[in-house]
Amino acid sequence: MPKRFTAIVPTFMKAVSDNFQFSPAVRVGSHILVSGIIGVDFQGRLPADFRSQAENVLATLEAIVSEAGATMDDVVSLNSYHVGDLQSQLAQLAEVKAGRLGAPPYPIWTGIGVAQLAMPGALLEVSAVVQARGPVSAPP
């Protein structure tokens, strides 16, 4: 039986997607569900500071959303998972988001403090839900 979703795997994420057996995003009907994204840059390097990780997370999110044929204006929900000083990080993430997510209405957002993330040194992970543009296509 075929799967009821279509995987979205930008080229720069193919190796990690294959290695860890996950899709960076999937399209299900009119929604794009984005897996957790950590703050590595497009070369796989993880900066030590929170703001740089947040900028990388949103750059990666934007690349995934674009690959799916949508824009950051189509993001309807964000969940952020934080290791460290949650209050400081929420304020910094809000500043970084302001430069990427545009004008109101804003997506819903839940920020959660956690003990650790999958990659040592990762301070932030973000998952998202995006409203897809265009017609629903059948999975390959």
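These figures come from a predicted structure and were not determined experimentally. Computation of the quantities below employed the complete heavy-atom set of this structure, encompassing side-chain atoms and omitting hydrogens, waters and symmetry-equivalent molecules. Residue numbers start at 1 and run along the sequence shown.
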The test is side-chain contact (heavy atoms from CB on, under 4.5 Å); show your working for Y81 and L117 and say whether it passes.
CA-CA 8 Å; Y81 306 90; L117 296 168; 4.2 Å; yes
Rounded to the nearest 0.5 Å, what's the gap from [atom1] on [X] to [atom2] on [Y]? Could you check?
{"X": "M72", "Y": "L58", "atom1": "CE", "atom2": "CG", "answer": "5.0 Å"}
{"X": "R100", "Y": "D73", "atom1": "CZ", "atom2": "CG", "answer": "13.0 Å"}
{"X": "M13", "Y": "D18", "atom1": "CE", "atom2": "CG", "answer": "11.5 Å"}

Shared ILVMFWY cluster between [X] and [Y], side chains joined below 4.5 angstrom?
{"X": "F22", "Y": "V126", "value": "yes"}
{"X": "F20", "Y": "F5", "value": "no"}
{"X": "L33", "Y": "I112", "value": "no"}
{"X": "V129", "Y": "L101", "value": "no"}

Trace of the side-chain contact (heavy atoms from CB on, under 4.5 Å) decision for V34 with L61
CA-CA 8 Å; V34 181; L61 175 60; 4.0 Å; yes
Taking the side chain as every heavy atom from C-beta outward, state whether [X] and [Y] have any atom pair closer than 4.5 Å.
{"X": "W109", "Y": "S77", "answer": "no"}
{"X": "I37", "Y": "E125", "answer": "no"}
{"X": "L46", "Y": "Q53", "answer": "yes"}
{"X": "L124", "Y": "S80", "answer": "yes"}
{"X": "F12", "Y": "T60", "answer": "yes"}

Where [X] and [Y] come nearest, the two heavy atoms and their spacing:
{"X": "P107", "Y": "L78", "answer": "CG-CD1, 4.4 Å"}
{"X": "V40", "Y": "N56", "answer": "O-CB, 3.4 Å"}
{"X": "V130", "Y": "V75", "answer": "CG2-CG2, 4.1 Å"}
{"X": "S17", "Y": "S23", "answer": "OG-CA, 4.2 Å"}
{"X": "R27", "Y": "I8", "answer": "N-CD1, 4.1 Å"}
{"X": "A48", "Y": "L123", "answer": "O-CD1, 3.5 Å"}

Criterion side-chain contact (heavy atoms from CB on, under 4.5 Å) on I38 and V57, from CA distance to verdict:
CA-CA 6 Å; I38 57 172; V57 164; 5.5 Å; no
Show which side-chain atoms of residues 88-97 pair as donor or acceptor with protein atoms under 3.5 Å away, not counting sequence neighbours.
unit_1, atom_1, unit_2, atom_2, d
S88, OG, Q92, NE2, 3.1
Q89, OE1, H82, ND1, 3.0
Q89, NE2, V83, O, 2.8
E95, OE1, R51, NH1, 3.4
E95, OE1, R51, NH2, 2.4

Neighbour count above 12 (heavy atom, 6.0 Å) for Q21 CD:
no
Spell out, as yes or no, whether a donor-acceptor pair under 3.5 Å connects the side chain of D74 to the backbone of T71.
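Yes, D74 side chain to T71 backbone: donor-acceptor pair under 3.5 Å.
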